[in-house]
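Below: the structure, in structure tokens.
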Amino acid sequence: SGPSLFVRVLRAVAAATMPPRRGTRGVHTGWTLGVCFFVCFVCCVDAIPPHPHKRLGSRPTALRSHLRGVRHGATESAARTPQQDLAQHERWITQPLDHFHAADVGAASSFEGGKTGKGDAPGIRGLNAESSSAAPPPGGRTWRQRWFVNDAYFDATNNNTNNPVIFLCVGGEGPGFDSSVVVDGGAHCGVAVAHAKELFEKNNRGALLVALEHRFYGSSQPTGDLSVGSLRFLTSTQALGDLARFIEHLVLVFELPPVGGKTSPSVVAFGGSYPGMLASFVRQKFPHLVLGAVASSAPVQASFAMPGYDFVVGESLADESVGGSFACFDLVRQAFDQIARLLSLESNQSESLNDSSGSSASSLGSQKGRRELEKLFNTCGRNALDVDANVSEFLASLTEVVPAQSNDPRCDAAKNPACDIAAVCRMMIGDTKTSDSLPIRSVNGANADAGASLVTPRNSNNGDAGHSRKVGRFSRGRGVGAWSLRESIDKNGNRFTEPDEKNQPSALDRFAAVTNAAFGFTEPSDCLDVDHSLNLAHMADDRLPIDWPNNTYDGDRAWFWQTCVEFGFYQTCEDEKACPLFFTSPKFMTLNFFAQPCVALFGLDFETVVKTAAFRSNALYGGWCPASSHVLYPSGSVDPWRANSFTPNRVHEVPHKSKKQVDSDTPSLMVKGASHHAWTHPARPGDQESVVLAREVIKRTVDEWLARGEGNEEL
């Protein structure tokens with residue numbers, strides 16, 4: 001009863017050092033925040049991938065670039081920094097392999113010293129080169145972690161006695177850093193770099209820009225391999241230990257006032273995606289080091305199953321602010337309906353797929369229908385969809401076609417005709433944006449409303465989403481002919497759109513064309529990779545690329561490990577009543593399919609480790625109920641990860657605090673029409689107004705924190 005989820009959402013968001021020696025192992029045996037003393041800006045280096053078992057090369061073009069951190073107009077080649085610039089900014093710090101083992105911590109402390117952070121990397125010390133699972137030796141185990149620095153906006157002489165400011169960009173999963181992270185911010189730290197420059201021009205103090213790469217990603221490889229024995233040291237708690245020790249290291253390297261005094265460095269953590277989670281966690285666990293945190297697009301609520309991701313994708317297809325419409329949403333839903341019918345799920349699908357190896361031959365569905373799908377979507381290999389696990393991979397790939405997570409309104413549709421939501425909808429219904437706004441049903445609150453926007457003003461053009469409007473003709477779109485739609489009502493009284501003429505391309509034909517464009521298919525030999533066994537083989541390889549010191553590792557196996565032991569985040573939907581309307585093939589997309597590789601690849605116990613991982617993380621960090629303060633949570637309204645982020649509608653769910661106190665301690669904002677931490681990118685002419693305003697809100701909040709850090713209570 002009451003307004004639908006989509007109605008509520010529309011109403012809400014409309015409101016206002018040296019590298020390790022080559023050829024050796026890496027190991028060497030709202031709004032008012034209180035006073036703290038150290039200010040750190042933590043910005044992410046990457047974005048969390050959906051369906052984490054999939055290798056990067058098998059994803060759509062826009063999502064692949066987004067995960068590599070080269071979105072918003074940059075190219076992968078352009079994102080790399082010249083070697084001379086790398087040498088200028090690159091440093092290394094000695095870290096303990098295990099922050100919870102006294103010998104390791106003691107061994108790392110023995111390497112402290114020097115004022116530059118440079119120096120020869122020590123050799124392997126106290127670690128069996130063949131296995132990091134060996135018992136810790138008396139001398140302890142250490143490794144070298146990479147970081148970057150830029151002091152162009154930092155006046156050391158004016159900062160050594162008066163709460164010096166440090167902006168720290170913290171790395172996360174995916175490809176590692178290059179020095180652009182402290183020069184222009186790269187794809188993820190632009191707001192920190194811009195703010196440092198503004199502070200320097202304003203008061204001649206500025207901020208020291210530093211960036212710390214995450215262990216087991218990029219060139220920061222503790223053991224030189226990705227074996228299970230090594231990966232057991234890859235956890236968020238170990239990463240927080242790296243952060244805390246690095247902050248203390250900076251005080252020594254730059255001769256800053258010690259932590260704990262009246263003039264100690266002032267710190268705010270900035271992060272987006274998983275690093276946004278770390279930003280909020282490091283403030284929570286180390287409040288004596290970190291003044292506050294800006295946790296952008298941070299899915300702090302770990303969850304074994306994550307049906308909300310695809311639900312937000314469906315909402316985004318109908319979001320007119322990014323070029324979507326309900327007509328577009330409904331056509332995509334129709335396409336998935338047709339796929340389900342061709343697979344004959346209702347009549348033949350078994351309860352679940354217990355075997356994730358992909359070895360079982362298909363006894364399900366229509367062989368003729370599968371052949372038709374293989375031809376329509378250009379799947380690789382002969383009769384690929386005869387393997388049930390490949391069908392699951394096929395459906396997982398299709399749910400990634402809509403670029404909600406990577407949506408960039410300024411993308412080049414000439415290069416990628418399906419580069420953003422508007423482009424996808426143009427291909428589905430034509431170039432003229434529809435103005436109809438029909439309700440999307442919400443089932444069991446799979447994704448609560450976005451809450452009041454703190455960034456954009458109310459848009460009077462949205463109106464009530466329950467008000468139906470006429471659906472007219474649409475002009476010729478890319479690769480599709482003009483087609484007429486008519487409005488109909490189903491047996492439950494729900495309005496929907498459908499082709500008005502029998503001889504027009506079906507919704508499935510159009511979605512297949514979108515899929516081909518999204519994956520960049522231009523040649524007859526191009527095909528959609530749905531081979532589940534290849535994904536498993538890729539994830540099973542525990543070797544790093546031979547040139548990993550050159551930052552060539554994408555982080556696929558490492559991040560999948562973290563989902564298995566800490567976070568889950570498996571985008572699936574087994575309960576048909578709670579599934580997104582466009583997602584009609586839940587019985588193939590089972591939790592068993594996505595989580596069983598944790599058992600097969602890492603030997604983890606399914607019931608006691610994998611299934612309970614998210615519960616343990618939420619017990620440790622609080623999830624949607626952050627028992628912290630001085631943390632700002634911005635989220636994008638079209639970002640699927642907002643389903644598990646702390647958004648304005650979650651304020652009333654925090655126990656032991658009033659709404660006023662939650663708004664003060666852990667304020668949240670919804671950035672209208674924005675995708676995954678879009679505001680952390682360097683500013684460009686023509687950026688969305690909501691993104692520009694979000695940056696200003698973030699800077700203003702940080703300025704308040706800094707003022708309070710200096711003891712100025714009158715703002």
Side-chain angles (χ1 to χ4, degrees), residues 49-51 53-67 313 328 331-345 358 361-362 364-403 406 413-420 423-429 477-481 504-538 582-585 588-589:
H51 309 119
H53 75 283
K54 291 174 67 67
R55 59 199 189 281
L56 189 62
S58 66
R59 300 183 184 274
T61 303
L63 180 60
R64 186 165 62 246
S65 295
H66 172 66
L67 297 177
V313 172
C328 179
L331 288 170
V332 172
R333 179 183 63 80
Q334 290 180 38
F336 274 87
D337 286 343
Q338 293 176 44
I339 291 170
R341 288 196 292 271
L342 288 171
L343 291 172
S344 299
L345 295 178
S362 173
L364 312 175
S366 164
Q367 295 296 315
K368 182 179 179 181
R370 296 186 184 210
R371 298 292 83 78
E372 183 176 342
L373 289 172
E374 290 165 354
K375 180 179 179 181
L376 195 60
F377 288 92
N378 296 327
T379 59
C380 303
R382 180 179 175 83
N383 298 339
L385 297 185
D386 279 351
V387 179
D388 296 335
N390 289 353
V391 175
S392 299
E393 291 286 359
F394 169 67
L395 293 171
S397 294
L398 297 189
T399 63
E400 294 181 1
V401 166
V402 179
S406 59
K415 294 181 178 179
N416 179 2
C419 65
D420 68 350
V424 167
C425 288
R426 282 196 299 269
M427 293 188 70
M428 292 299 296
I429 63 176
R478 182 180 299 275
V480 296
Q504 295 191 20
S506 69
L508 180 59
D509 291 330
R510 289 169 178 266
F511 189 69
V514 170
T515 301
N516 292 338
F519 281 89
F521 296 164
T522 58
E523 302 295 333
S525 58
D526 292 334
C527 59
L528 181 64
D529 185 351
V530 298
D531 193 330
H532 184 61
S533 65
L534 287 182
N535 279 328
L536 293 187
H538 174 74
F582 77 96
F583 189 34
T584 56
S585 306
F588 273 109
M589 306 281 284

Distance check, rounded to the nearest 0.5 Å: Arg426 atom CZ versus Asp420 atom CG? 6.5 Å
How many angstroms lie between atom CZ of Phe336 and atom CG of Leu331, to the nearest 0.5 angstrom? 13.0 Å
Heavy atoms only: give me the nearest Ala507-Ala335 pair and the separation to one decimal. O-CB, 3.7 Å
Smallest separation among heavy atoms of Glu374 and Asp386, with atom names: OE2-N, 4.2 Å
Is Arg341 close to Gln338 at the side-chain level, that is, under 4.5 Å between some pair of heavy atoms? yes
Could you walk me through whether Val332 and Val401 pass side-chain contact (heavy atoms from CB on, under 4.5 Å), step by step? CA-CA 11 Å; Val332 172; Val401 166; over 6 Å; no
Got Asp529 and Phe519 here, is their nearest side-chain heavy-atom distance under 4.5 Å? no
I need the Thr379 OG1 to Arg371 CZ distance, nearest 0.5 Å. 8.5 Å
Asn378 and Phe521 have their tightest heavy-atom pair at ND2-CD1, 4.2 Å
Is it true that Asp337 and Arg333 make a salt bridge, defined as a side-chain N closer than 4.0 Å to a carboxylate O? yes
Can we call the ring centroids of Phe588 and Phe394 under 6.0 Å apart? no
Does the side chain of Leu398 reach to within under 4.5 Å of the side chain of Phe377, using non-hydrogen atoms? yes
Once rounded to the nearest 0.5 Å, what's the spacing between atom CG of Leu385 and atom CD of Glu393? 11.5 Å
So which heavy atom on Val391 is nearest to which on Arg370, and how close? CG2-NH1, 3.5 Å
Ala423 to Ala418 - nearest heavy-atom pair and separation: CB-CA, 4.1 Å
To the nearest 0.5 Å, tell me how far Gln334 CD sits from Arg510 CZ. 11.0 Å
Rounded to the nearest 0.5 Å, how far does CG of Leu373 lie from CG of Leu395? 9.0 Å
What are the two closest heavy atoms between His532 and Ala389, and how far apart are they? CD2-CB, 3.7 Å
Close side-chain approach of Cys380 to Asp531, heavy-atom, < 4.5 Å: no
